[in-house]
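All remarks here apply to the structure that follows.
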Amino acid sequence: MSEFKLNPPCERLHGRLPKVGIRPIIDGRRRGIRESLEDQTMNMAKNVARLISDSIRHPNGLPVECVIPETTIGRVAEAAKCAELFEREGVGLTITVTPCWAYGYETFDMDPLMPKAIWGFNGTERPGAVYLAAAEAGYAQKGMPVFTIYGRDVQDADDETIPPDVAEKILRFVRAGLAVATMKGKSYLSIGSVSMGIAGSMVDHDFFEDYLGMRCESVDMTEVHRRITEGIYDEDEFRRALAWTKEYCKEGEDLNKETVKASREEKDRHWEISVKMAMIVRDLMIGSESLRQMGHLEEAEGHNAIAAGFQGQRQWTDHFPNGDFMEAILNSSFDWNGIRQPYIVATENDSLNGAAMLLGHLLTGRAQVFSDVRTYWSPEAVKRVTGYTLEGAAAGGIIHLLNSGASALDGTGEQCDDAGSPVMKQWWEITEEDAKRCLAATQWRPANREYFRGGGFSSNFKARGGMPVTMSRINLIKGLGPVLQIAEGYTVDLPAEVHAKLNDRTDPTWPTLWFAPRIDGKDGPFKDVYSVMNYWGANHGAISWGHIGADLITLASMLRIPVAMHNVPYDSIFRPKVWGSFGAMDVQGADFRACQNYGPLYGKAKR
């Protein structure tokens, strides 16, 4: 059997996968009107379901299921029966579709916590747009934001195609809505506590509970040590994992001073502990059937954690091997068990960066990269230090994204599309060759003993240039709450000697992404690359492949998290229509006012 087999998609956490409920709304007047619209209305629902199922998977790789009631919905009793069906089936978000006028309030989806959208068919035979406008006005009056979808061009009544602009909004809504529903009821697991005074590792329960619908779990780092010491892990898997690590994880040059270099015997022991740490943190997150069979019934349960963070510094790393290998391999889309869904593990227990990583993964099904937003290199500074003139996407300067820990190996860019371009693939599309190239491009440098007195190993690679990426971050602001920052741009290739001169000025044992955000020259955070760095609200960022800023904005509006900065084109922004009532001429200000007005998605429910 291949060591890089593609594992079949599965749900490794407790709780049903959310389904998409599609509500076919019809003019309830009988004796001709309703009867003439039945087929058209139901076909709209079926076509939307087909679009969703053909286009989107859950981040675990399983197909997205859609639920459609047996009959169209024309009056309140039918709406109530549909709500009962959706509750039984585990629907997590709804899309209402209609080609005609109908009775708005009587046919509402009344669940205040469920993301909801309406597609009103743009046709002149029946006024679907009129229902769309009337229903949205009712939702606004009742305090339930709804996303409205209306095609730009008029369609004929018998045209069953979904126009591209409509399809784009439907899919954006569904990706974001599924993310909301998938997080609900899951856990963020803190392993340890506050790392080096980093505010993001001061885990804010109210944020996770009120905005994400999640609970916060915590264990001390001594639990990892206990399991290592008492052998609470699968010994057979450990032997296999260690052999795989020795074969595929190349050990790099040790740059430590001779006085603190570890011996070969010590390094071998560090490798063993690092592999055990990866297995144990995974088991802490999702549980383990192997542990159950071994009789460790309590430990076998796990914490149902969709994301986790490891404190590491300094109480662990001053004495034990660091968590870099554990974090990097769990965040990657492959390990000794083959190709599988990546985990989300934040270094230094930066829960807010972990939350941003989680949003990116849920929207894309791809591994995420955790980085320090380390240094802005102006073109002048690069020229002075290296003699090299930055060009292309990097002409305005670059940001050095660098961190010792949780950078997924997918971030090397060694996965390729059909044209040979660098990609971070959705995990179910990764091949054995992709995984091996990522591993071959990565060295594992003995950890810098000045930082990590207990030793360990840090991943070291240079990401390929030309990848479209999105950097995001959630920050908590006292008196305001959470805000989201987004910066789309590209990774950049530098000549090897230029990279070396710049990289050697910091810690050369860590993984690097050279990032050129897209700038616009206007006053504000995207005037130039320096401004992006200057406006960034924390020392960390979560990096996802692709320009997913528009999806993040849609998702943030569902959670009621305002976006403090972004460089997403205006035409791609999709929020509930009622946001315009908070100031249509001031889009960003309206976002803040709307989020403040409606409050966190689950805040009222908790109170």
Between [X] and [Y] (side chain of the first, backbone of the second, donor and acceptor by atom type, cut-off under 3.5 Å), is there such a pair?
X	Y	result
Q426	T364	yes
T470	G546	yes
Q588	A564	yes
S187	L189	no
S458	D324	no

To the closest 0.5 Å, what do you measure between [atom1] ([X]) and [atom2] ([Y])?
X	Y	atom1	atom2	result
R560	D591	CZ	CG	11.0 Å
I52	L93	CD1	CG	7.5 Å
D109	K116	CG	NZ	4.0 Å
L62	R57	CG	CZ	8.5 Å
D111	M144	CG	CE	9.0 Å
R464	S421	CZ	OG	7.5 Å

For [X] and [Y], which I'm curious about, is there any donor-acceptor pair between the side chains at under 3.5 Å?
X	Y	result
N353	E348	no
R374	N403	no
N60	E11	yes
T347	E327	yes

Using a 6.0 Å cut-off, check whether atom [atom1] of [X] has over 12 heavy atoms from anything other than its own residue.
X	atom1	value
K19	NZ	yes
R215	CZ	no
E237	CD	yes

pair [X]-[Y]: side-chain heavy atoms closer than 4.5 Å:
X	Y	answer
R518	F526	no
V224	M326	no
L291	D234	no
K186	N304	yes
I573	W579	no
L439	L409	yes
P24	M44	no
M114	F86	no

**Prompt:** Is R12 close enough and on-axis enough to Y343, meaning under 6.0 Å and within 45°, for cation-pi?
**Reply:**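 The answer is yes, since R12 meets both limits relative to Y343.
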(message) Tell me which pairs pass salt bridge (Lys or Arg N to Asp or Glu O under 4.0 Å) where either residue lies in residues 349-358, with sequence neighbours left out.
(response)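 Salt bridge (Lys or Arg N to Asp or Glu O under 4.0 Å) check on residues 349-358 returns D350-R473.
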* What pairs of residues pass the salt bridge (Lys or Arg N to Asp or Glu O under 4.0 Å) test when at least one of them lies in residues 418-429, not counting sequence neighbours? ->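 Sorted result for residues 418-429: K425-D434.
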SB check [X] [Y] (cutoff 4.0 Å):
X	Y	result
R175	D551	yes
D410	R366	no
E433	R437	no

Candidate pair F334 and Y248, rule ring-ring contact (aromatic ring centres under 6.0 Å, His included), full reasoning: CA-CA 12 Å; F334 44 83; Y248 293 107; 9.8 Å; no
Closest non-hydrogen atom pair between [X] and [Y], with its separation:
X	Y	value
M183	M214	O-CG, 3.3 Å
M424	V369	CE-CG2, 4.0 Å
A408	A367	CB-CB, 3.8 Å
T182	P18	OG1-CG, 3.6 Å
E414	A441	CG-CB, 3.6 Å
P9	W427	CA-CH2, 3.9 Å

Task: All pairs passing ring-ring contact (aromatic ring centres under 6.0 Å, His included) where residues 542-573 contributes a residue, at least two apart - done: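 Found Y490-H547.
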| Please, which pairs that meet ring-ring contact (aromatic ring centres under 6.0 Å, His included) have at least one residue in residues 168-188, sequence neighbours excluded? |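 Listed once each, the pairs are F147-F173, Y188-F208.
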>> My understanding is that only one of L484, I548, L359, I543 makes a side-chain contact (heavy atoms from CB on, under 4.5 Å) with S472; could you say which?
In response: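 Checked L484, I548, L359, I543 against S472; only one passes side-chain contact (heavy atoms from CB on, under 4.5 Å): L484.
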query: Step by step, would you call I68 with V48 a side-chain contact (heavy atoms from CB on, under 4.5 Å)?
result: CA-CA 10 Å; I68 304 174; V48 168; over 6 Å; no
Requested in this report: Evaluate the criterion side-chain contact (heavy atoms from CB on, under 4.5 Å) for residue pair F238 and K276; output intermediate values, then yes/no.
Outcome: CA-CA 7 Å; F238 167 67; K276 290 175 184 178; 3.5 Å; yes
Check your understanding: Taking only residues two or more places apart in sequence or in another chain, which ones pass ring-ring contact (aromatic ring centres under 6.0 Å, His included) with H361?
Key ->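 For H361 there are no ring-ring contact (aromatic ring centres under 6.0 Å, His included) partners, ignoring immediate neighbours.
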Q: Could you tell me which residues satisfy ring-ring contact (aromatic ring centres under 6.0 Å, His included) with H400, sequence neighbours excluded, listed by chain and number?
A: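 Expected list: W514.
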Exercise. Going through the checks in order, is the side-chain contact (heavy atoms from CB on, under 4.5 Å) test met by C249 and F325?
Worked result: CA-CA 10 Å; C249 297; F325 176 81; 3.9 Å; yes
Could you go step by step and tell me if E301 and R292 meet the side-chain contact (heavy atoms from CB on, under 4.5 Å) rule? CA-CA 8 Å; E301 291 295 329; R292 191 180 309 281; 3.3 Å; yes
